[in-house]
Amino acid sequence: MPELPEVESVRRGLVDHLAGRRVTEVEVCHPRAVRRHPAGAADLRARLVGRRLGEPARRGKYLWVPVADDDQALVAHLGMSGQFRIVDPGSARHPHVRAVLGLSDGQELWFVDQRTFGGLAVEPVQDGVPCSVTHIALDPFDARFDLAATVDRMRRRRTEVKRALLDQTLVSGVGNIYADEALWRSRLHPRRPTAGLTRAQARSVLVDARAVMSEALAVGGTSFDALYVDVNGGSGYFARSLSAYGREGQPCDRCGTPIRREAFANRSSAFCPACQRAPRRSPGPPSLRLRRSSDRGRVRGSRP
DNA sequence: AACCACACCTGTTCGC
DNA sequence: TGCGAACAGGTGTGGT
């Protein structure tokens, strides 16, 4: 699933192919791919054809390509399964191609997306950021990312630490895989209340999130299957370095205890039950206690 | 204002 | 063997 390291790998792959090139044609193959462009496919096409593209940029999991000499950008979110591919013209169409851009060097840019959670839009840009990205927090790779301020904001939340890590308005770029990895590294249970974290713990999990994403980026991201590949169709190699995510039942790299998986907020959490001890159910504010006991998920998919 | 559950999708895997 | 349920999960929205 594309999280920050995967999106950044894609962005880097696009730079040489898009910056300075003109868009010669736009074909929208699936209406859902442009659902976040309210004016529709024809309008999106009209805003791009004949225009020159700038250098691809990114914040969190959002990717955008500025339109040169204009205050607009082509904004993309890869969702769960989105890909950009640079291909030779006339290549046999991948079954999940949702949009095709013709480029002035003769190549084609494909937006491929099996599950159609991703999409494209052309949006106005203000202060260098497309309008649908303004509500997204800075990611830990941004030079302006303020670690101390993010620590304070996290500790003021009344939620659980994993929910906070996944909240793109607090810190962006972290998804389920790297959240689980960061929590494992910091030895924090995913359900630990953020309000009960020390400054050092909150800082640790944010620093670990940045570190694990940096290591993943260095090897091209995490590929479990063909759903995440780079612009040339290549896989990333970080899956073999994961310590928690996808390792249910396998021994913890630190202590050997089998990794456990539990349902969590419509997804799953993988963690070491020995290294990452569950929070005590009390004390805590009554509201938090109530909420915690009422939405506890069932254990699913446990292996012998 | 802050927080949470859920809809949105489709290909694959699993259990019966 | 075949069928259907479960599962993967990021984001926007609407409800509390």
Side-chain angles (χ1 to χ4, degrees), chain A residues 1-7 10 29-38 58-63 75-83 94-98 111-121 123 130-137 139 153-181 190-191 193-195 213 221-229 239 242 245-248 261-270 284-304:
Chain A
M1 317 305 150
E3 303 178 31
L4 188 151
E6 292 76 36
V7 178
V10 170
C29 314
H30 194 302
R32 227 181 110 73
V34 296
R35 70 191 182 284
R36 296 204 186 107
H37 188 87
R58 183 192 55 74
R59 176 182 291 185
K61 304 168 196 170
Y62 282 82
L63 179 63
V75 183
H77 197 289
L78 301 180
M80 297 245 317
S81 56
Q83 307 174 1
H94 186 287
H96 304 301
V97 172
R98 307 307 187 195
F111 179 66
V112 180
D113 190 12
Q114 178 197 96
R115 295 180 199 171
T116 71
F117 279 29
L120 306 176
E123 297 177 1
C131 59
S132 69
V133 186
T134 55
H135 71 290
I136 299 296
D139 62 62
R153 287 180 61 212
M154 177 182 282
R155 294 176 71 239
R156 282 198 296 269
R157 295 287 174 96
R158 292 295 180 270
T159 187
E160 299 159 338
V161 61
K162 183 165 176 184
R163 288 183 192 275
L165 283 174
L166 294 174
D167 182 345
Q168 305 297 301
T169 67
L170 178 67
V171 54
S172 69
V174 182
N176 205 37
I177 296 173
Y178 299 113
D180 279 359
E181 293 302 303
R191 304 198 78 114
T194 47
M213 291 196 293
T222 301
S223 297
F224 290 111
D225 48 35
L227 287 190
Y228 165 68
V229 294
L242 296 172
Y245 186 90
R247 296 197 64 237
E248 181 193 14
R261 187 169 63 130
E262 287 186 7
F264 178 89
N266 290 329
R267 357 170 116 77
S268 65
S269 278
S287 60
L288 190 59
R289 242 180 287 149
L290 253 178
R291 195 177 310 129
R292 208 185 303 152
S293 57
S294 64
D295 77 346
R296 170 165 296 118
R298 66 204 155 81
V299 180
R300 51 181 183 183
S302 54
R303 262 181 241 160

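Below, read A as the first sequence line, B as the second, and so on, with proteins coming before strands; counting in each chain starts at 1. Predicted model only: the values in this text are computed from it and were never measured.
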[X] [atom1] to [N] [atom2]: how many Å, rounded?
X	N	atom1	atom2	answer
E248(A)	dA6(C)	CD	C1'	14 Å
K61(A)	dG10(C)	NZ	C1'	6 Å
L166(A)	dC4(B)	CG	P	12 Å
L4(A)	dT11(C)	CG	C1'	16 Å
L120(A)	dT11(C)	CG	P	15 Å
F264(A)	dC3(B)	CZ	P	13 Å
L170(A)	dC3(B)	CG	P	9 Å
L227(A)	dG10(C)	CG	C1'	14 Å

Side chains of [X] and [Y]: does their closest heavy-atom pair fall under 4.5 Å?
X	Y	result
K61(A)	S172(A)	no
R115(A)	L227(A)	yes
I177(A)	F224(A)	yes
T194(A)	R155(A)	no
L78(A)	Y62(A)	no

Can you tell me how far [atom2] of [Y] sits from [atom1] of [X], rounded to the nearest 0.5 angstrom?
X	Y	atom1	atom2	value
L120(A)	R36(A)	CG	CZ	10.0 Å
H77(A)	I136(A)	NE2	CD1	7.0 Å
M213(A)	D139(A)	CE	CG	7.0 Å
R59(A)	L4(A)	CZ	CG	12.0 Å

Problem - For F117(A), all residues meeting ring-ring contact (aromatic ring centres under 6.0 Å, His included), sequence neighbours excluded - result: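 So F117(A) forms no ring-ring contact (aromatic ring centres under 6.0 Å, His included) with any residue.
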Exercise for the section: Tell me, please, which residues at least two apart from H96(A) pass ring-ring contact (aromatic ring centres under 6.0 Å, His included). Expected result: H94(A)
Protein N or O to nucleotides 12-16 of chain C N or O, pairs below 3.5 Å:
unit_1	atom_1	unit_2	atom_2	d
dG12(C)	OP1	Y62(A)	OH	2.3
dG12(C)	OP2	H135(A)	NE2	3.3

Just N and O in the side chain of [X]: are any of them under 4.0 Å from OP1 or OP2 of [N]?
X	N	result
H77(A)	dG10(C)	no
R163(A)	dA5(B)	yes
S268(A)	dC7(C)	no
Q168(A)	dT11(C)	yes

Handout entry: side-chain contact (heavy atoms from CB on, under 4.5 Å) involving R153(A) - partner list, sequence neighbours excluded
Key =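 R156(A), R157(A), L170(A).
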Practice task
Find the bend of the helix from dA2(B)-dT16(C) to dC16(B)-dG2(C) as the angle between its two terminal axes (five pairs each), to the nearest 10°.
Solution key: 50°
Practice task
Summarise protein proximity over nucleotides 7-12 of chain B in one line of letters, 5' to 3': B for base, S for sugar-phosphate only, - for none, counting protein heavy atoms closer than 4.0 Å.
Solution key: -BBBS-
